[in-house]
Number of protein chains: 2
Amino acid sequence: MKRPTIADVARRAGVSKGAVSYALNGQPGVSEATRQRILAIAAEIGFSPSSAARALSGATARAIGLILARPAQTLGIEPFFMELISGVEAELSARSYALTLQVVADTSAEIAVYRRWWGERRVDGVLVCDLRVADQRVPVLEELGLPAVVIGGPADTGRLASVWSNDAAALDETVEYLYALGHRRIARVGGLPDLLHTAIRTRAFTEVCQRLGLAESIVTSSDYTGEEGARATRRLLSSRLRPTAVIYDNDVMAIAGLSVAQEMGLAVPADLSIVAWDDSPLCRLVHPPLTAVGRDIPAYGGHAARQLLQAIEGGAAPTGLQDETAHLTPRGSTGPPPAGEQRSG
Amino acid sequence: MKRPTIADVARRAGVSKGAVSYALNGQPGVSEATRQRILAIAAEIGFSPSSAARALSGATARAIGLILARPAQTLGIEPFFMELISGVEAELSARSYALTLQVVADTSAEIAVYRRWWGERRVDGVLVCDLRVADQRVPVLEELGLPAVVIGGPADTGRLASVWSNDAAALDETVEYLYALGHRRIARVGGLPDLLHTAIRTRAFTEVCQRLGLAESIVTSSDYTGEEGARATRRLLSSRLRPTAVIYDNDVMAIAGLSVAQEMGLAVPADLSIVAWDDSPLCRLVHPPLTAVGRDIPAYGGHAARQLLQAIEGGAAPTGLQDETAHLTPRGSTGPPPAGEQRSG
DNA sequence: CTGAAAGCGCTTACAG
DNA sequence: CTGAAAGCGCTTACAG
C-alpha cells in the first residue's frame, strides 16, 4: 500500500501543499470552509504527515526520550517504572507525542545515548529517572541544551526543571507512626545509596530517630532485589537486639522481608512490624497485606511529562514542581511491638 | 549548542557530503584512508546523522514500535512486559534501532496507532503482543504492509512472522507432575479468555485431564490481577470438593492464591499445592517459594526483535520461530496432597 | 574513487 | 486568503 503524502491531499482538494499544511496544523492561511474540506479528504485517504519530513523542516521530532539504567531483573519486578511510563504515556498520547524508550547498563551508556539522540534530533527532550547525588547527567544535558525534566529531588538541577516529592516528610510520618505504636528499635533497609532519594530518606531517618531519642536506629543499603531484602532482613532479625519494626525502601524487599520473618518463625505484626515504600498492588497481594508508603505514580509521570512538553513547546523553562507527598496506608503488617519490648531501647 | 551536520564533517574533511555519507554507512565509494579520516572527524565533533533526514531519504526510521494494550495496573505488576522489553532493547540497541512504546486502552486504539505510525513512517515495523483468537490486528497490519512480528502462537498469522512457545506441552508437563504427586482434583485459574495462549492452555488442560481420567478438572478465567486471583481461589477452596492443587496463569494470581490459602488456614503445600505460570523473581519472594513454569522472557523478546529486524532489513519474510518450551521449576509450594485425598476424585 | 545534483515530504516566509 | 519556492539534512543514482 502506497502511503499518501501531502501532495495527494493537495491534489484531491485542488489546493497547494502549503494550504494543506496550514489546514492540518490549525494555522491561519486558509478559510474555514477550505480547512474542513482538506481535513475531510485527509481523513478519507488516511493521511498522516510523515514524522521525518515534519521533524526535518519543523525541527521538532514530536517524541520524547526515557532511559532506564537498571538491570532487567529489578526493572521487571518493580512496578514503579511501568506505572511511571503509563502516566507519561497518558500525557504524551493526548498530544500525540511518541515515547522513545531505551534500557542501558549504566550512567555512561546513558550519557552516550543522550548525546546520540541529540545529534540525531531523535527526541525533543528527555525525562531523567533515578536522580543521583551530584548527578553526572545534569551538566551534560545542560551543555547539550536538550530539554530535560528530572524526576526526583529536591536538588540543584541547574537549568533543568524537576518534579519531586517530599520524601523526608513521608519518612517522618512513618517513623512517628511506628513510635506511636510503641516501637523503639526501628530499622530501615534503604535502596541504592547513590540515588538521591535514598540519601534524603536516610538523612531524614537519622534525624527523626535522633529527635525521638531512638539511639539504635539501623540503616542498611541494598540494590532493591528480593535477595538483598531477604539477606538484610536475616541479618537484622539475627542481631542480639533485633528491631521490632523495619521500613523497606521498596515493595519487593518488604515482601522478601515478610517471607524471612515467616521463615524464622516470627509473626507479623505480633513480633515484627513491616512497612513498604512504593505502595503497589504487590503489597495487597501478600498475607498479611503490607502497610505501605505510597502515592500516585502514574500521576507523577504525567506531571513530569507535562513539564517537559511545556519546556519544549513553551520555550520558557518551567521552574519545577513539588508533587504530592507520599502517605502511609496502614494495613495488616504493622502493630504494637511484643509486650516487654515497648519501653526498651 | 549547534548540532553538527554532514556538511560540517564534509567541510572539515575536505570532501563532499556524499563521501561522508558513504563513509558513515560503510558503503563503497571512498578509499579506506578517507573513510577513517571522515570517521575520526565525525567522532571528534560529535556528529550523529539526523534520524529525520535519514528517514526521509532512506525511508527507514531505524525505530520499531511496541504497543501495550493493558490497564496500567496489570502492566506495572506483571514482570513479563518489562522483561520482554529489556530483551527487545538489548537486540535493538546493538543495532542502534530505537524503540517507540505506546500504552493504549484497547485493540481499536491500538489499530488506530498502527495506522498513524504507518502514515507517519514513524516506525519501520512493530512487535505485536498478546495475540488473540482471530486477532483483528493481523489483517490490518497485512493490509498496511507494515512489517510485524507476532509474539505468541502457534496460530495462522498470515504473512506475519511469529515467535511462540509450546504452552500446551508445558501445561502437560505440569499436570502430569501434579498427577504423579498424587493429585486428582486439579484446578486452573486461567488468564484473559480471549488471549490465544489462554485458549491453548485451556484446551491442553482439558485434554490432559481427560487423558489422565481426572473428571473434575475446573478452569476459571480472570484478568490477571491479584484481586481476581484471590477471588477465584476463595471460590475454589470453598467448594464442596475443593481442589488439592491449583495452577495459575500468572505469578501475581498465584501469590494472591497463596495468601488466600493462608488466610483460610490451609497449609501450602500440605493442604494445597500451588503452581505459578510466568516464573519470575516474585515467585521466589514469598514463603514458601512458588513452584513455577517459566522460561527466559528477555531472550524471547530478543528473538522477536531479531525476526523483525530481519523482516525489515532482509526483505525476505521470516517464517517464524518456535522458542524454547517453558519448564517447571519445583519449589516449596507443591507436594503430595493430604492423606486420604490421594485416591479420591 | 570522487563530486554535483536530485529528491525524500514536509514547513514557512514571501509574493500576489 | 492562496500559490510558488526555498530549505531542513540526509541518501543515492549519475557523471566524471
Side-chain angles (χ1 to χ4, degrees), chain A residues 2-39 41-42 45-63 96 116-124 313, chain B residues 2-39 41-42 45-63 96 116-124 313:
Chain A
K2 182 87 177 55
R3 286 179 249 230
T5 70
I6 200 170
D8 298 318
V9 179
R11 191 161 5 86
R12 289 176 73 132
V15 297
S16 70
K17 295 192 298 176
V20 175
S21 178
Y22 292 137
L24 257 51
N25 295 314
Q27 302 225 351
V30 285
S31 68
E32 194 48 35
T34 308
R35 183 190 306 279
Q36 291 306 333
R37 194 157 50 83
I38 291 173
L39 256 34
I41 289 171
I45 69 175
F47 169 75
S48 301
S50 152
S51 57
R54 225 177 194 175
L56 192 54
S57 34
T60 154
R62 288 195 85 80
S96 57
R116 181 161 57 76
W117 278 354
W118 173 83
E120 293 181 344
R121 298 148 182 77
R122 198 179 268 283
V123 297
D124 300 320
E313 297 181 342
Chain B
K2 180 90 177 56
R3 287 178 249 230
T5 71
I6 199 171
D8 297 319
V9 179
R11 191 163 1 89
R12 289 175 75 131
V15 296
S16 69
K17 294 191 301 176
V20 175
S21 177
Y22 292 137
L24 256 51
N25 295 314
Q27 303 225 351
V30 284
S31 68
E32 193 48 36
T34 309
R35 185 192 305 280
Q36 291 306 334
R37 193 159 47 85
I38 290 173
L39 256 34
I41 291 172
I45 68 175
F47 169 74
S48 302
S50 152
S51 57
R54 225 175 194 178
L56 193 54
S57 33
T60 156
R62 289 195 85 81
S96 58
R116 182 161 57 78
W117 277 354
W118 174 80
E120 292 180 345
R121 297 149 181 77
R122 197 177 271 280
V123 298
D124 300 320
E313 296 181 341

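These figures come from a predicted structure and were not determined experimentally. Throughout, protein chains are lettered first and strands after them, A, B, ... in sequence-line order, and every chain is numbered starting at 1.
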In whole angstroms, how far is the P atom of C:dC14 from the OH atom of A:Y22? 11 Å
For residues 31-38 of chain A, which residues have at least one heavy atom under 4.0 Å from DNA chain C? none
Between atom CD in A:Q27 and atom C1' in D:dC1, what is the gap in whole Å? 14 Å
For A:S21, report the nucleic acid contact type (base, sugar-phosphate, nothing); a contact means any heavy atom under 4.0 Å. base
List the atom of A:L24, the atom of A:F47, and the distance in Å for their closest heavy-atom pair. CD2-CE2, 3.2 Å
Determine: side-chain N/O of B:S57 to OP1/OP2 of D:dT11, distance under 4.0 Å, yes or no. no
Quick one: is B:S50 getting a side-chain N or O under 4.0 Å of the D:dG9 phosphate, OP1 or OP2? no
So which heavy atom on B:A13 is nearest to which on B:R37, and how close? O-NH1, 2.7 Å
Can you list everything that forms a side-chain hydrogen bond (donor to acceptor under 3.5 Å, both in side chains) with B:Q36? Sequence neighbours excluded, please. B:E32
Out of A:L39, A:V15, A:T34, which residue meets the side chain to side chain contact (heavy atoms under 4.5 Å, CB included) rule with A:V20? A:V15
Whether B:R35 side chain and B:A19 backbone form a donor-acceptor pair below 3.5 Å: no
Starting at atom CZ of A:R121, determine the distance to atom C1' of D:dG9, rounded to an integer number of angstrom. 7 Å
What nucleic acid atoms does B:V15 come within less than 4.0 Å of, heavy atoms only: base, sugar-phosphate, or nothing? sugar-phosphate
Is any side-chain nitrogen or oxygen of A:R54 closer than 4.0 Å to OP1 or OP2 of C:dT11? yes
Can you tell me the distance, in whole Å, between the CG atom of A:L56 and the P atom of D:dG7? 14 Å
Note: A:A61 and A:R122 closest approach over all heavy atoms is CB-O, 3.4 Å
Return the nucleotide paired to D:dA4: Watson-Crick means purine N1 to pyrimidine N3 with N6-O4 or O6-N4, wobble means G-U with N1-O2 and O6-N3, both under 3.5 Å. none
